[in-house]
Amino acid sequence: MLEKTPTTRVQAFLDRFGKALETGKTDEAASMFAEEGFWRDLVAFTWNIRTMEGRGEVRDMLNAQLKSVKPIGWKVAEGEEAAEADGVTEAWITFETQVARGYGHIRLKDGLIWTLLTTMAEQKGHEEKAGFTRPLGAKHGHGKDRKTWKEERDDEVAELGVSRQPYCLIIGGGQGGIALGARLGQLGVPTIIVEKNERAGDSWRKRYKSLCLHDPVWYDHLPYIDFPKNWPVFAPKDKIGDWLEMYTKVMELNYWPSTTAKKASYDEKAGEWTVVVERAGKEITLKPKQLVLATGMSGKPNLPKFRGQDVFKGEQQHSSAHPGPERYRGKKVVVVGSNNSAHDICAALWEGGADVTMVQRSSTHIVRSATLMDIGLGALYSEQAVANGVTTRKADLIFASLPYRILHEFQIPLYEQMRERDKDFYDALEKAGFMHDWGDDGSGLFMKYLRRGSGYYIDVGACDLVIDGSIKLKSGVGVKELKEHSVVLSDGTELPADLIVYATGYGSMNGWAADLISQEVADKVGKVWGLGSATTKDPGPWEGEQRNMWKPTQAENLWFHGGNLHQSRHYSQYLALQLKARMEGIPTPVYGLQQVHHKA
Ligand SMILES: Cc1cc2nc3c(=O)[nH]c(=O)nc-3n(C[C@H](O)[C@H](O)[C@H](O)COP(=O)(O)OP(=O)(O)OC[C@H]3O[C@@H](n4cnc5c(N)ncnc54)[C@H](O)[C@@H]3O)c2cc1C
């Protein structure tokens, strides 16, 4: 008899689960989940990004999808062993559907599924040409007028968008558009990326001078090409810009710089978009089937309106347009806002010899970078994690395996540890008058990011300047009005100013759809981002997944892509597979298309 190891136990469970699915016994399969179990599916079962919560939702999904998905072959992944700790058994798993191979992760508690993650890894017959099937490159043998790799590539560049239409058009060539373009390229989906800047990477280069990535290198890799081992932990913005430019070239993306998308409309009958772009001053009409807005979640500036903005004689800029401190030595600057950009900009201005005041209207979550790296990210994204065998792919999937409904429960204890470790720091910050919070439920930075994409600063030094008064602080007040040479605050304080920087964040990405397509389509799609957590700036009802990101929207063949480097890398895979399937005519019955509850 086989020795009962965690791996054999998980395999026996998977055999039962697989049998229930193969024989269409959806009640039985659902009953193998804990009452409060979760099934998070990235495309494999739902052709959507969707979390089923509890047995009822699992059963409903299976009743709708099982006949077309036809899953088989549930196995503990080759080369992996299940692990047991604290009453939870977990394992990496593989399975197949009618059209795809899947990879996933399972956690069993008391013999029932607590969490199940299923992801589509590749489509059968449409695998990426990699490893054993990588392209040869060279053409051995001989033939008259044979074309070289470069000539073939030149032909593609000359034809696509001119005599041959792309299947997919990505508007926005920042890291999001670039990562997705690379994935689509490897899947053979003819794609053009249009970018209004002159060079790939400019969206980073054009940001304020002092900016370095706030996330560490292990979290930031792009698909296919990792950063080298000597890459700095926090890459300076221009270095990321150059990396993106290099990447775009070596991954042979059809990247049109200096090209602005002007307008887009969708012909439902033809199932085709008409997109007018201006490329180096010339209008071109493109006719893709799929349109992806990768125009940046931090791209559409929120500019507040104040009385007197027209009478103010100094300069006013949104943080995204702030050039850096050089021009402002000896000047008086008021920075409106107290999140990441506000802190970075205030610190750089102070270093550059300006007299800076930060205006903080509401509280901000602060976490110190080193503490965040150790406690928040270390287990998954760090040199130690790499040494422990946690590859980027595994780290991404472990992260993805934690359902959003309970993610905050995993986060809260981490932030309690951080609070403890940096107690003196927080005390000093409060003493300086800074309003600080830990998120509505104490779950800290990452939940704030997922829920509202704002409301925090990862401290890389600016807080010390607030604490010692080098950066002046006015907190608990807003801006009342501007005068010719000053900013008047709601408590009546008048701050002399030569420059006002509005570090007031960014609007919902469906604003891009309003600009490019129509307000009607933007409203149809609804708010982009957020989980529906009913916390500040993330109104309910509960969605369970990020609104409208990387998945079908209420507007046919219109997609949104973006997020931080980790999300861009990870979710571009699933968006690319959804687009590829549509191109190949593979049926893609979407389960649980997101309903719209908020317009913006
Ligand atoms: C100050 C700051 C610091 C950040 N730090 C980090 C960090 O440390 N780590 C991290 O992972 N993320 C960070 N982010 C968040 C996020 O990763 C970045 O905003 C990132 O640039 C997003 O990439 P993206 O491709 O989605 O959007 P963007 O980089 O904004 O790219 C969108 C592109 O779309 C183009 N575009 C817009 N409209 C059109 C049009 N009509 N036609 C053609 N092109 C158009 C723009 O020119 C732009 O290049 C930060 C963001 C900000 C603002």
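First listed ligand is number 1; within each ligand, the first listed atom is number 1. Just so it is clear, the model here is predicted, and its values are computed rather than measured. Values below: every heavy atom of this structure, side chains too, minus hydrogens, waters and symmetry copies.
Contact analysis leaves N340 out of contact with ligand 1, as no non-hydrogen atom separation drops below 4.0 angstrom. At a 4.0 Å cut-off, at least one heavy atom of Y506 sits close enough to ligand 1 to count as contact. Residue contact annotation: Y219 has no non-hydrogen atom under 4.0 Å from ligand 1.
Of all the listed residues (K300, K196, E278, E195), E195 holds the heavy atom that lies closest to atom 35 (C) of ligand 1. The closest heavy-atom contact to atom 43 (C) of ligand 1, among the options L516, T259, D202, N197, comes from T259. Closest heavy-atom approach to atom 41 (N) of ligand 1 among the candidates A179, A261, G173: A261.
Panel note: side chain N510, backbone A522; a donor-acceptor pair is recorded below 3.5 Å.
Atoms of ligand 1 lying under 4.0 Å from at least one heavy atom of V194, given by number and element, are 43 (C), 44 (N). Atoms of ligand 1 found under 4.0 Å from any heavy atom of G296, numbered from 1 in the order shown, are 26 (O), 27 (O), 30 (O), 32 (C).
There is no side-chain donor-acceptor pair under 3.5 Å between W47 and Q578.
Atom 10 (C) of ligand 1 has its closest protein heavy atom at D215 OD2, 3.4 Å. With hydrogens left out, the protein atom closest to atom 20 (C) of ligand 1 is Q175 NE2, 3.3 Å, a heavy atom. Remark: minimum distance from atom 4 (C) of ligand 1 to any protein heavy atom is reached at W204 CH2, 3.7 Å. Nearest protein heavy-atom contact of atom 25 (O) of ligand 1 is G176 N, 2.8 Å. Given atom 31 (O) of ligand 1, the protein heavy atom at minimum distance is G174 CA, 3.5 Å.
For the pair L372 and F446, the minimum side-chain heavy-atom distance is 4.5 Å or more.
In this structure, the ring of Y457 has its center no less than 6.0 angstrom from the ring center of H214.
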